[in-house]
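Predicted model, so just to flag it, every value in this text is computed and none were measured. One-based numbering along the sequence shown.
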Amino acid sequence: MAERRRSNGSSKSSSSSSSSPGTAAATVCRIPDDHIFSILLRLPIDSILCFGMTCRRLRSLTYSDALWESICRRDWGSSSVDDLIKAHDPSIPIAWQNLYQQLHQLDSVYCRRLLAAAAPATPPAPDMVPSPRASHSLNFVSGCLLLFGGGCEGGRHRDDTWVAYMGNDLRRILKWQKISSDIPSGRFGHSCVVVGDSLVLFGGINDNAVRKNDTWIGRIVLHETSGMTLSWRLLDVGSVAPPPRGAHAGCCIDKRKMLIYGGIGMSGVRLGDTWVLDLSENLCFGTWVEVVTHPSPPSRSGHTLTHIGGTRTILFGGRGLGYDVLNDLWLFEAYEGFWRWLQLPIDLQSIPHGLSLPRVGHSATLILGGRLLIYGGEDSCRHRKDDFWLLDVNSYRQPIITLPLTKMWKRLRAVGDNPRCRSFHQTCADNSGRYLYVFGGMVDGVLQPAELSGLRFDSSLFLVELLLLS
């Protein structure tokens, strides 16, 4: 009897085991498509593609445009995808998987110089376009480019504000409009970031070498008949504010917070402090808080801070206390009142021999696909650069950073109009992250007699496009 029971049990176990694949397959077939989509969107790309190899139904789902559009929204952000759709020819469907693959394999950018509107064959009058400058601010907000301040020959500051409406128009011709405003006062080396549909400006240096620590809120209003107006107002921040400075870096984090780090303070001392501005919902007032952590980046100026989404921000490069130009990389994390700095490893194996990575006065812009596009700057010998580098920061989005990191850096080929070597220029991306604007800076070239300092300032505006076939 015992043997018979064991035999029956073994038979049942064998029967159950042999039927489990069919049962599992039948179970998968009963799962609605939207539930499978939800599962797939929680997986990395490699795992999604592996799922597609298991059966015909899953293959159909994993290669569908609906899924890949959702993947693009997951990895690039819904606002970026929406802006891509707006700029795309509606008569031609977007092949989302192909677009995703092209962006992953991106190796080129196309540069073209944008011209200011004027009569045919006539250069625009000096008062129709922004004058040459460096260490200014350039932002894309409400479909407009907004340019403010900067420095020029003789260490003088600019105090003018210019706006050009772009929308989805990527023509070579644009029209600048000078905005009349006595505030904020002229300065260079300030920071200006976009918060929603407003601007937040902090600090800077004027032509008397006075460092500032004031905070301003700006907003553009578009009018059908009268063009554009820009209003600025001084933000009430109470009695606590960062020490005066310029040549620092700043960015927007967590929708209504501004992060700044470092810069040049009083008596020309380079700073190494971190501050966060917490803005009220209506942007009527704000509170500055100093963030003290260990470790933290060494003091520096002329570096970049770029928010990469979620709770994370990347700091790169700059000039340190000993005037050495740096190439270190730091991650700032901020969530639920917890802040920390973490130094990230540099994958020097992905830097071709003979190319120099350290730089100051460069730009670092978050582009479509969640990577940083780093352009220009200068080295310790003040040799300016015209190179474009892709820094893959996707590994830093994960909860746990796996070391060592490889293939972080990739040099991109630039085609089209040559933007020349430049430093202390400014860049900003449109809402999609596919198009970048580069304005001004100090450039290489034949010096004019008046330029005894060896500095030549530029007023060119370039559009840099990620070269994708779709």
Side-chain angles (χ1 to χ4, degrees), residues 79-90 110-120 122-133 136-150 158-184 192-201 216-233 252 283 363 365-368 417 419 425-441 458-466:
S79 60
S80 294
V81 172
D82 289 339
D83 281 282
L84 271 178
I85 294 173
K86 290 178 185 177
H88 190 76
D89 184 347
Y110 181 77
C111 306
R112 55 175 162 150
R113 184 172 180 171
L114 298 178
L115 305 177
T122 303
D127 59 351
M128 292 177 57
V129 294
S131 55
R133 67 193 67 203
H136 47 285
S137 57
L138 182 72
N139 300 96
F140 190 89
V141 56
S142 300
C144 299
L145 283 180
L146 189 142
L147 169 69
F148 171 73
R158 301 285 190 194
D159 59 0
D160 50 351
T161 302
W162 295 81
V163 177
Y165 179 71
M166 306 303 293
N168 292 323
D169 191 355
L170 301 175
R171 296 175 301 175
R172 288 179 176 270
I173 307 297
L174 76 158
K175 184 178 181 180
W176 285 105
Q177 177 182 330
K178 189 174 182 179
I179 304 294
S180 298
S181 177
D182 296 329
I183 54 175
C192 187
V193 305
V194 177
V195 177
D197 56 359
S198 299
L199 297 163
V200 182
L201 183 149
W216 294 82
I217 298 291
R219 169 168 274 184
I220 291 179
V221 179
L222 303 178
H223 304 278
E224 292 184 3
T225 57
S226 59
M228 293 165 282
T229 59
L230 172 66
S231 61
W232 287 102
R233 59 179 173 81
C252 175
L283 304 186
S363 57
T365 310
L366 185 69
I367 61 172
L368 182 64
D417 299 331
H425 54 283
Q426 287 296 321
T427 65
C428 62
D430 75 339
N431 293 332
S432 73
R434 182 175 179 177
Y435 301 96
L436 278 73
Y437 298 93
V438 180
F439 181 87
D458 189 50
S459 60
S460 300
L461 175 66
F462 287 87
L463 176 69
V464 179
E465 178 184 355
L466 309 185

Enter the distance from [X]:[atom1] to [Y]:[atom2] here, rounded to the nearest 0.5 Å.
X	Y	atom1	atom2	result
Y435	D430	OH	CG	7.5 Å
W162	L146	CH2	CG	12.0 Å
M128	K178	CE	NZ	13.0 Å
I85	S432	CD1	OG	11.5 Å
D82	N431	CG	CG	10.5 Å
L436	L138	CG	CG	10.0 Å

Minimum heavy-atom distance [X]-[Y], with the two atoms named:
X	Y	result
I217	S198	CG2-CB, 4.5 Å
G218	L230	C-CD1, 4.3 Å
V194	C252	O-CB, 3.4 Å
G440	H136	CA-CE1, 4.1 Å
L283	R233	O-NH2, 2.5 Å
R112	D417	CA-OD2, 3.2 Å

Identify which one of P130, S460, C428, S137 satisfies the side-chain contact (heavy atoms from CB on, under 4.5 Å) criterion when paired with F439.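 Only match with F439 under side-chain contact (heavy atoms from CB on, under 4.5 Å): P130.
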
Only one of V163, D197, L199 forms a side-chain contact (heavy atoms from CB on, under 4.5 Å) with S142, so which one is it?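 Per the side-chain contact (heavy atoms from CB on, under 4.5 Å) rule, the option paired with S142 is D197, out of V163, D197, L199.
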
Side chains of L368 and L84: closer than 4.5 Å at any heavy-atom pair?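 The answer is yes, as the side chains (C-beta and beyond) meet within the 4.5 Å cut-off.
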
Would you say that L461 contacts L145 through its side chain, given a criterion of any heavy-atom pair below 4.5 Å between the two side chains?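 They are in contact (side-chain heavy atoms under 4.5 Å apart), so the answer is yes.
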
Please work out which of the three classes, parallel, tilted or perpendicular, describes the rings of F140 and Y437, given edges at 30° and 60°.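 It falls in the parallel class, under 30°.
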
Tell me whether N139 contacts the main-chain N or O of C192 through its side chain, where contact means a donor paired with an acceptor under 3.5 Å.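 Judged by distance alone, yes, a pair lies under 3.5 Å.
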
Backbone of S80 reached by a side-chain donor or acceptor of R434 within 3.5 Å: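 Not at all, since once roles are kept as given, no pair shorter than 3.5 Å links the two residues.
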
Using a strict threshold of under 4.0 Å (side-chain N to carboxylate O), is an ion pair present between D160 and R133?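 A salt bridge links R133 with D160.
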
